[in-house]
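What follows is a short report on a single structure.
All values below come from the heavy atoms of this structure, side chains included, with hydrogens, waters and symmetry mates left out. Reminder, nothing fancy here: chain letters follow the sequence lines and each chain counts from 1.
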2 protein chains.
Amino acid sequence: MRIDELDAKIVRLFTEEQRMSVLEASRLLKVARATVQARLDRMTGNGVIGRWVPQPEPRAFGFPVVAFCFLTINQDLGHDAVSKALGDIPEVIEVHTVSGDSDLLARVAARSNSDLQRVLDIMMATRAVVRSSTVIVLNTHFEGRTLPLLEAAART
Amino acid sequence: MRIDELDAKIVRLFTEEQRMSVLEASRLLKVARATVQARLDRMTGNGVIGRWVPQPEPRAFGFPVVAFCFLTINQDLGHDAVSKALGDIPEVIEVHTVSGDSDLLARVAARSNSDLQRVLDIMMATRAVVRSSTVIVLNTHFEGRTLPLLEAAART
DNA sequence: GCGATCCTGAGCAGAATGCGCAGTGCATGT
DNA sequence: ACATGCACTGCGCATTCTGCTCAGGATCGC
């Protein structure tokens, strides 16, 4: 879908100041309020704006440890069944099927490094996971930074 | 920070229906409006609710390919300088310092598999990255799913 | 030229917000 | 038992925003 600079500016405004109102945004951008409304409706409608919700931050409520786990799964079950089983574990934040040596890549949160061990054990206990290889995140420089890409797409 | 069930219910309401108003939420939960306001202020204040912004979805505006890149960096520069250099590339969505064989883990978006090659070349061209090993995401089962963890934390 | 599409400025009723305030229930510490 | 602090409650008020509509004007492709 085509994005123009106005779209990007609207998203930037609502990103930088989440108390922004549609009316206020229209004033700042010097366009009609209905225009901002229409752009937002269009972008939310076709998925350019996926989620616009309060994102709980695990590190802020007792889960400061993040790790990425490469999983080799039980092929008898299939990817979907395994990802469903992993979905029942609240510590599992994210699951992808990936290329390469492993089958799945999962992002998990934990209370501590030893608690991470507990989470890994839970994953193995589902019998869906045969082998796992874990990489621990030591420092997050940034994440979820999709706005620059949107702005780059707007300029083309 | 301590989270209780009311906190989790509030976040769930605003997550499932993003047009939810504070007033409507207070009616549904049968608590005073001021209580919902106070809980939201508290959670946004101490970071439990990190971002509450429109999240652009790269796949919806021309970047359907996602990959995770393990990077070995030029040690002379240091992690921060390298992550800053990577931050200038809009296709780089996320950067972590990680344990294990590699130094950094980056999530990148691209227009296609061959476009991914272009992005990798840009990263290498910064001279900050010495070696890279890439895993392509074939299918995303879920991501950003932190609400179940918040609810689990609320029950303890 | 002509239609389709988008933007504009305006209006209006309804709803939500920000703010303040006094009262109440509950746990804590003395 | 009592005082203190804290969170929740229910209420009201002025202000602001939203959702919706509509007619007119600009732009673009054909």
Could I get the full list of side-chain contact (heavy atoms from CB on, under 4.5 Å) partners for Ser112(A), not counting sequence neighbours? Ser114(A), Asp115(A)
Mind checking side-chain contact (heavy atoms from CB on, under 4.5 Å) for Thr44(B) and listing every partner two or more places apart, or none if nothing turns up? Ile49(B)
Rounded to the nearest 0.5 Å, the NZ atom of Lys84(B) sits from the OG1 atom of Thr126(B) at a distance of 12.0 Å
Positional range of nucleotides in DNA chain C within the contact set of chain B, heavy-atom, under 4.0 Å: dA16(C) to dC19(C)
Give a yes or no on whether Val65(B) and Phe61(B) share a hydrophobic cluster (residues Ile, Leu, Val, Met, Phe, Trp, Tyr; joining criterion: side-chain heavy atoms under 4.5 Å apart). no
Output a table of donor-acceptor pairs, distance under 3.5 Å, between side-chain atoms of residues 22-40 of chain A and any protein atom two or more places apart or on a different chain; print 'none' if there are none.
from, atom 1, to, atom 2, distance (Å)
Glu24(A), OE1, Arg27(A), NE, 3.4
Glu24(A), OE1, Arg27(A), NH2, 3.0
Ser26(A), OG, Leu23(A), O, 2.6
Arg39(A), NH1, Asp4(A), OD1, 2.8
Arg39(A), NH1, Asp4(A), OD2, 3.0
Arg39(A), NH1, Asp7(A), OD1, 2.9
Arg39(A), NH1, Asp7(A), OD2, 3.2
Arg39(A), NH2, Asp4(A), OD2, 3.1

Among all residues two or more places apart in sequence or in another chain, which pass the salt bridge (Lys or Arg N to Asp or Glu O under 4.0 Å) test with [X]?
X        : answer
Arg51(B) : none
Glu5(B)  : none
Asp80(A) : none

5' to 3' contact window, DNA chain D with chain B (heavy-atom distance under 4.0 Å): dC8(D) to dG19(D)
Near DNA chain C, under 4.0 Å by heavy atom, which residues of residues 10-30 of chain A? Arg19(A)
Under 3.5 Å, sequence neighbours excluded: what are the donor-acceptor pairs made by side chains of residues 95-102 of chain A?
from, atom 1, to, atom 2, distance (Å)
His96(A), ND1, Thr140(B), OG1, 2.8
His96(A), NE2, Glu94(A), OE2, 2.6
Thr97(A), OG1, His141(B), NE2, 2.7
Ser99(A), OG, Ile136(B), N, 3.0

What is the minimum heavy-atom distance between Pro56(A) and Val11(B), and which atoms define it? CG-CG1, 4.0 Å
Correct closest heavy-atom pair for Thr134(B) and Cys69(B) would be OG1-SG, 3.6 Å
Taking only heavy atoms on the protein side, list every residue of residues 32-52 of chain A lying under 4.0 Å from any atom of DNA chain D, sorted numerically. Arg33(A), Gln37(A)
Under the 4.5 Å side-chain heavy-atom rule for ILVMFWY, direct or indirect, which residues accompany Val130(B)? none
